[in-house]
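Along the sequence shown, the residues carry numbers beginning at 1.
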Amino acid sequence: MGKTNKSKTVTPSWGNKSGIKKEADIMINVSHNISSTSPSKSSFDLKSIMAHEMGYVVGLDDETKLKYGDSVMYESLSTNEIRYNLSKDDENGYHTISW
C-alpha cells in the first residue's frame, strides 16, 4: 500500500529536520473497489487500509515477513481481508519509535 500508482493509497508526509511528522495526507485510489461497511471477494476493507496508512503517519514501516501477516503494517492486503486490530508486531514497532 502506498508505493505505486496502482496502489490503493498514497500517504505523503512532511516533518521537521529531526524526522517528526507535522502533516500527512492520505489519498485513496478510488479506482479500486473499497468497502466502508463489509469487504467482499471483490472489495478491500477501508478500515484496514486506513489503519495501515495511519501506521505510516506515526512512523511505522511496512512489515514484509510472512510470519507477521496478521500485522496491520503487513505489506499487502487482499480483498475480503480485515486487518485493523494491532498485532503484537505492530505494538512492538510503535514502542520502538523515539518520540
Side-chain angles (χ1 to χ4, degrees):
M1 287 185 256
K3 297 293 186 208
T4 68
N5 290 337
K6 294 180 181 179
S7 66
K8 291 173 275 312
T9 58
V10 177
T11 305
S13 60
W14 301 267
N16 61 23
K17 291 178 183 176
S18 64
I20 296 174
K21 292 183 174 143
K22 300 268 185 183
E23 180 181 344
D25 295 326
I26 298 174
M27 296 174 276
I28 299 171
N29 183 343
V30 296
S31 68
H32 291 277
N33 187 5
I34 298 173
S35 173
S36 62
T37 55
S38 180
S40 68
K41 291 182 180 180
S42 62
S43 67
F44 296 94
D45 180 53
L46 179 62
K47 288 188 270 186
S48 298
I49 292 169
M50 293 303 294
H52 182 90
E53 296 305 308
M54 288 303 295
Y56 291 136
V57 174
V58 299
L60 296 175
D61 291 322
D62 281 331
E63 178 55 68
T64 59
K65 296 178 182 162
L66 188 56
K67 69 179 182 177
Y68 298 116
D70 65 334
S71 169
V72 165
M73 294 309 297
Y74 188 64
E75 65 182 344
S76 65
L77 180 72
S78 298
T79 56
N80 202 30
E81 184 176 11
I82 295 174
R83 194 172 58 232
Y84 55 81
N85 292 314
L86 297 180
S87 71
K88 192 66 175 166
D89 182 61
D90 296 315
E91 291 175 12
N92 290 341
Y94 178 81
H95 291 295
T96 64
I97 297 169
S98 59
W99 298 96

From CA spacing to verdict: side-chain contact (heavy atoms from CB on, under 4.5 Å), Y56, M73 | CA-CA 8 Å; Y56 291 136; M73 294 309 297; 3.8 Å; yes
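- In this structure, N29 contributes its side chain and S31 its backbone to a donor-acceptor pair below 3.5 Å.
- Proximity of a side-chain donor or acceptor of D89 to a complementary backbone N or O of S71 within less than 3.5 Å is not detected.
- Rounded to the nearest 0.5 angstrom, D70 CG and D90 CG are separated by 7.5 Å.
- Nearest heavy atom pair, residue P39 against residue N80, reads O-OD1, 3.2 Å.
- Between H52 and L77 the shortest side-chain heavy-atom distance does not fall below 4.5 Å.
- Here the shortest heavy-atom pairing between S42 and T79 reads C-CG2, 3.9 Å.
- Note: the hydrophobic cluster containing I34 also contains M54 (ILVMFWY, side chain heavy atoms under 4.5 Å, direct or indirect links).
- Neither V30 nor I49 shares a network with the other; the hydrophobic side chains, linked directly or stepwise wherever heavy atoms of I, L, V, M, F, W or Y lie under 4.5 Å apart, form separate groups for each.
- In the hydrophobic clustering (ILVMFWY side chains linked at under 4.5 Å, chained through shared members), I82 is joined by Y84.
- Here NZ of K47 is found 9.0 Å from OG of S36. Values are rounded to the nearest 0.5 Å.
- Cluster annotation: L86 and L60 are assigned to the same hydrophobic cluster (Ile/Leu/Val/Met/Phe/Trp/Tyr, side-chain heavy-atom contacts under 4.5 Å, transitive).
- Put simply, CD on E75 and CG on L66 are 9.0 Å apart, with the number rounded to the nearest 0.5 Å.
- Between the side chains of S40 and S43, at least one donor-acceptor pair of N or O atoms lies under 3.5 Å.
- A continuous path of hydrophobic side-chain contacts links L46 to F44 [ILVMFWY only; heavy atoms under 4.5 Å].
- When each of R83, E81, K65 is paired with Y74, the side chain to side chain contact (heavy atoms under 4.5 Å, CB included) condition holds for R83 and for no other.
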